[in-house]
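Here's the structure we're looking at; comments come further down.
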Protein chains: 2
Amino acid sequence: MDDRLRRSMPLFSMGIVQNLTGLTARQIRYYEENALIEPERTEGNRRVFSFNDVEKLLDIKSLLDEGVNLAGIKHVLSSKPVESNQPLNAVKQKKSDLSDADLMKYLKRELINAGKFGDQARIQGEFSRFFNQK
Amino acid sequence: MDDRLRRSMPLFSMGIVQNLTGLTARQIRYYEENALIEPERTEGNRRVFSFNDVEKLLDIKSLLDEGVNLAGIKHVLSSKPVESNQPLNAVKQKKSDLSDADLMKYLKRELINAGKFGDQARIQGEFSRFFNQK
DNA sequence: TTTTTCTGTAAGAAAAACTAACATAGATTG
DNA sequence: CAATCTATGTTAGTTTTTCTTACAGAAAAA
């Protein structure tokens, strides 16, 4: 639960994600169009990506490099060890009587265990993916 | 080292940081103006904040809540990495341009918060700092 | 060959972010 | 007390970033 929330928290803007992944905006939007990712939106309709999204984009990238097409990638991703494919909205639904502010507090509280990020045990996790790009 | 890179990596746009910290853009810019943080810039001059920046902003926020002024906060932040090991004299030396009152506030705060900041945060890493705010 | 897939590019619009300037309540200082 | 300083709000005008939509084309698939 903690993990799912943390990973689906909207954090990164389009520009950042382009830098992080090396993908173009066009590609990223196309993958969204094909339901491979579901970034949140700001009030003004700007995309905001989560760890989950970025991680998926990196997966997509490397699978594309291997010659897998989008249809194949979609299958690979959907059969991936769950963690969380759920966008924040799904969580929001469950807590439907919470205001956004309350949800924020809730998230922050729930994310106490985010220290896992630094753990050796999670060396395959998203952080190493972000920062050990080759 | 790897850690330092990660923590100083530019990741977050202004809007995200406002959400993450609850501070206004005006405040954030003002703190930068006063050299409390040094976010990177995009080619187009937009700020891009690191984990470090966000963490500092959260520190600033909670110190402000405690009544410490920016001058005091500046000193607290600059001495933070070694806060618990630093002998009083060294602190006093470093803070020679602080008024006695400010120094008093600073010291009091250090005592009161001896455990709040450092320990848990140091163990769990920056993420818990982000999301464990109250 | 024809169609589909994936990405590029361009145009126009809107959001987000920037700087600079002025305003001000609450502290601090003389 | 008056003057100044601090920290933040607000507004205006500008620039950057992002958005959608549409058209184009190479490569792969049918």
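Convention: sequence-line order gives letters A, B, ...; per-chain numbering from 1.
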By nearest heavy atom, map B/Y30 and B/E43 onto DNA chain D; which one lands nearer the 5' end?
B/Y30
Ranking C/dA17, C/dC6, D/dT8 by distance to the side chain of B/Y31, first place goes to D/dT8
Mapping B/R41 and A/T42 to their closest nucleotides on DNA chain C, which lands nearer the 5' end?
A/T42
Taking the side chain of A/R29 as its heavy atoms from C-beta onward, which of D/dT20, C/dG8, C/dA17 lies nearest to it?
D/dT20
Give the rounded distance in Å between these two atoms: CD of A/E32 and P of D/dC19.
8 Å
Using atom CD of A/Q27 as one end and atom P of C/dT5 as the other, report the distance to the nearest whole Å.
17 Å
Atom CG of A/L63 and atom P of C/dT5: how far apart are they, to the nearest Å?
18 Å
Could you state the CG-C1' distance from A/N19 to D/dT17, rounded to the nearest angstrom?
13 Å
Go nucleotide by nucleotide along DNA chain C from the 5' end; which of A/L64 and A/R46 gets its closest nucleotide reached first?
A/L64
Measure from CZ on A/F12 to C1' on D/dT18 and round the result to the nearest Å.
18 Å
Under 4.0 angstrom between B/R47 side-chain N/O and C/dT19 OP1 or OP2:
yes
Side-chain contact test, heavy atoms from C-beta onward, threshold under 4.5 Å: evaluate it for B/P39 versus B/E32 and give yes or no.
yes
For B/E40 and C/dC18, what is the distance between atoms CD and P respectively, to the nearest whole Å?
14 Å
Less than 4.0 angstrom between a side-chain N/O of A/S13 and OP1 or OP2 of D/dT17, yes or no?
no
Identified pairing partner of C/dT29, criterion: Watson-Crick or G-U wobble below 3.5 Å:
D/dA2
The test is side chain to side chain contact (heavy atoms under 4.5 Å, CB included); show your working for A/R41 and A/R47 and say whether it passes.
CA-CA 4 Å; A/R41 299 287 182 128; A/R47 290 175 181 81; 3.1 Å; yes
Tell me: CD of A/E33 to C1' of C/dT7, nearest whole Å?
12 Å
Can you tell me if A/D65 and A/S62 form a side-chain donor-acceptor pair at under 3.5 Å?
no
For the residue pair A/F12 and B/F12, does the interplanar ring angle fall in the parallel (under 30°), tilted (30 to 60°) or perpendicular (over 60°) class?
parallel
B/I16 atom CD1 is separated from C/dA17 atom C1', nearest whole Å, by 13 Å
From D/dT8, C/dA17, C/dT19, nucleotide with atom closest to B/R26 side chain
D/dT8
Over all heavy atoms of both residues, which pair between B/L57 and B/I37 is shortest? Give the atoms and the distance, please.
CD2-CD1, 3.8 Å
At under 4.0 Å, does any side-chain N or O of B/N45 touch on OP1 or OP2 of D/dT15?
no
